Amino acid sequence: MHLRTVERIELPPAADMHVHMRQGDLMKLVAPTVVQGGVDTAFVMPNLVPPLTTVERVLEYKKELEAAAPGVNFLMSLFLHPTITPEVIEKASAAGITGVKLYPQGVTTNSDAGVADMKAFYDTFSAMEKHDMVLNIHGEVLESLAPKGTTLEEAFLPTLQSLHERFPKLRIILEHCSTAAAVEAVKACGPTVAATITAHHLYLTETDACCNPFAFCKPIPKKATDRDVLIRTVAEGNPKFFFGSDSAPHLLHTKTDAEPGKAPAGVFTQPFATQLVLLGLQDGIARGEIAEDAISEETLANFLSHYGRKFYKLPEVSATSTKKIVLVREGAKIPQSVRSADGSVEVGNSRAGDEVFTLKWEEK
Ligand code: NCD
Ligand code: ZN
Ligand code: ZN
């Protein structure tokens, strides 16, 4: 297949293993966009206000999401916090909660209650290993802790490696990996360590992120060479690397009203999640980073759907869905924003104005 010219692509429903669904009216606006982006299974982040630190609240939140977006399989997570003891892990596992998200304290949106001392959680990690829960990591250090010339993500990689050595059976996901070094580090670990790759890290670099609030996120997009390693990693097809959009909606005015460099971190890609992955790959082909025929339907199905489900030990999509997603070129363009009916809630889209495939759901 030549991705830049193909007129029609058929894929299984995608699994987006890193989404921010937020709360209240913003949740009601963004939850339905999961399906629009071709996704039937979504792993939901717990960095709400306040963070999701009890099993009860996670289950309540799951119900709210299911009401807002019927038909989506929402996989849930707890926010790692001193109250997440081995007993809570046992209870969470019994309640069907999938993962626990580790945010180093203060590194990203709503992470003030995050982890300051990793060692304090070793018993919790042991319990997670025992109950086969997934540890999802926002792999960055605080700016003050990164050696000069090292990115916040690169400075975190030794911690990933040592956690894996200490807990080799614990399934760990390095979320939204953004550097060539992170890709190498994940490859160097055993099969229990994987990473998600977003759509936007396939097309943004530091030059975009510095100056466009709608391209600013954590981890900050890096050099063109890092972006191209991510593209090649998708093209090569490695089960350790799968899709997690990290779509992170922020109210439009908080982005546009912010002083330069002070906008809240997060790129919103959910309504076009699948198409934006394709766009990032198409750009990579246009630049000659990967060959014209480097991306097959199988490559896309693996990255967007199969590999993530497999790592999470979910049933195969063919066993859980009667549907497929069909992408066709109809000259559609990404609108500026997604807005509620009364206009009070509005989120700006990534790559607004760019031409994308139109996505339809059909029976197989
Ligand atoms: C995310 C958010 O807004 O919740 N922001 C981001 O830039 N990615 C948090 C996160 O995933 O780090
Ligand atoms: Zn993160
Ligand atoms: Zn995120």
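The residues of the chain are indexed from 1 along the displayed sequence. Treat the numbers as computed from the prediction; the structure is a model and nothing was measured. Remember, it's 1-based here, ligands and their atoms both numbered in the order they're listed.
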Nearest non-hydrogen protein atom, atom 1 (C) of ligand 1: His20 NE2, 3.6 Å
Beyond-backbone contact of Tyr103 with Val115, side-chain heavy atoms, under 4.5 angstrom: no
Donor-acceptor side-chain pairing of Arg351 and His200 below 3.5 angstrom: no
Shortest protein heavy-atom distance from atom 5 (N) of ligand 1, along with the residue and atom involved: Ala265 O, 3.1 Å
Within reach of ligand 1, part of Val107 (heavy-atom separation under 4.0 Å): neither
Test item: side-chain donor near acceptor, Thr179 and Asp226, under 3.5 Å: no
Sub-4.5 Å side-chain heavy-atom contact between Ile89 and Met128: yes
Salt-bridge contact Arg287-Asp228 (side-chain N to carboxylate O under 4.0 Å): yes
Region of Met45 engaging ligand 1 - heavy atom pairs below 4.0 Å: neither
Pairing of Asp132 and Arg171 as salt bridge, 4.0 angstrom limit: yes
Interfacing atoms of ligand 1 (cut-off 4.0 Å, heavy-atom, His176): 11 (O), 12 (O)
Heavy atom of the protein closest to atom 7 (O) of ligand 1 (residue, atom name, distance): Lys218 N, 2.8 Å
Flag for Ser162-Arg166: side-chain donor and acceptor within less than 3.5 Å: no
Any Arg22 heavy atom less than 4.0 Å from ligand 1: yes
Proximity flag His250 to ligand 1, non-hydrogen atoms under 4.0 Å: yes
Within-shell test, His18 vs ligand 1, heavy atom, strictly < 4.0 Å: yes
Cys217, any N or O under 3.5 Å of ligand 1 N or O: no
Any N/O pair Ala248/ligand 1 closer than 3.5 Å: no
Pairwise side-chain contact, Leu152 with Glu143, heavy-atom cut-off 4.5 Å (strictly under): yes
Pair Asp293, His2: side-chain N/O donor-acceptor within cut-off below 3.5 Å: no
Winner among Asn47, Asp246, Val267 once heavy atoms are compared against atom 8 (N) of ligand 1: Asp246
Side-chain H-bond candidate by donor/acceptor type, Thr198 with His201, under 3.5 Å: yes
Geometric class of the Tyr122/Phe167 ring pair [parallel <30°, tilted 30-60°, perpendicular >60°]: perpendicular
Closest protein heavy atom to atom 10 (C) of ligand 1, given as residue, atom name and distance to 0.1 Å: Thr108 OG1, 3.4 Å
Environment of the Zn ion (ligand 2) in terms of protein N/O/S atoms, cut-off under 2.8 Å: His138 ND1, His176 NE2
Donor + acceptor pair across side chains of Thr41, Arg309 (<3.5 Å): yes
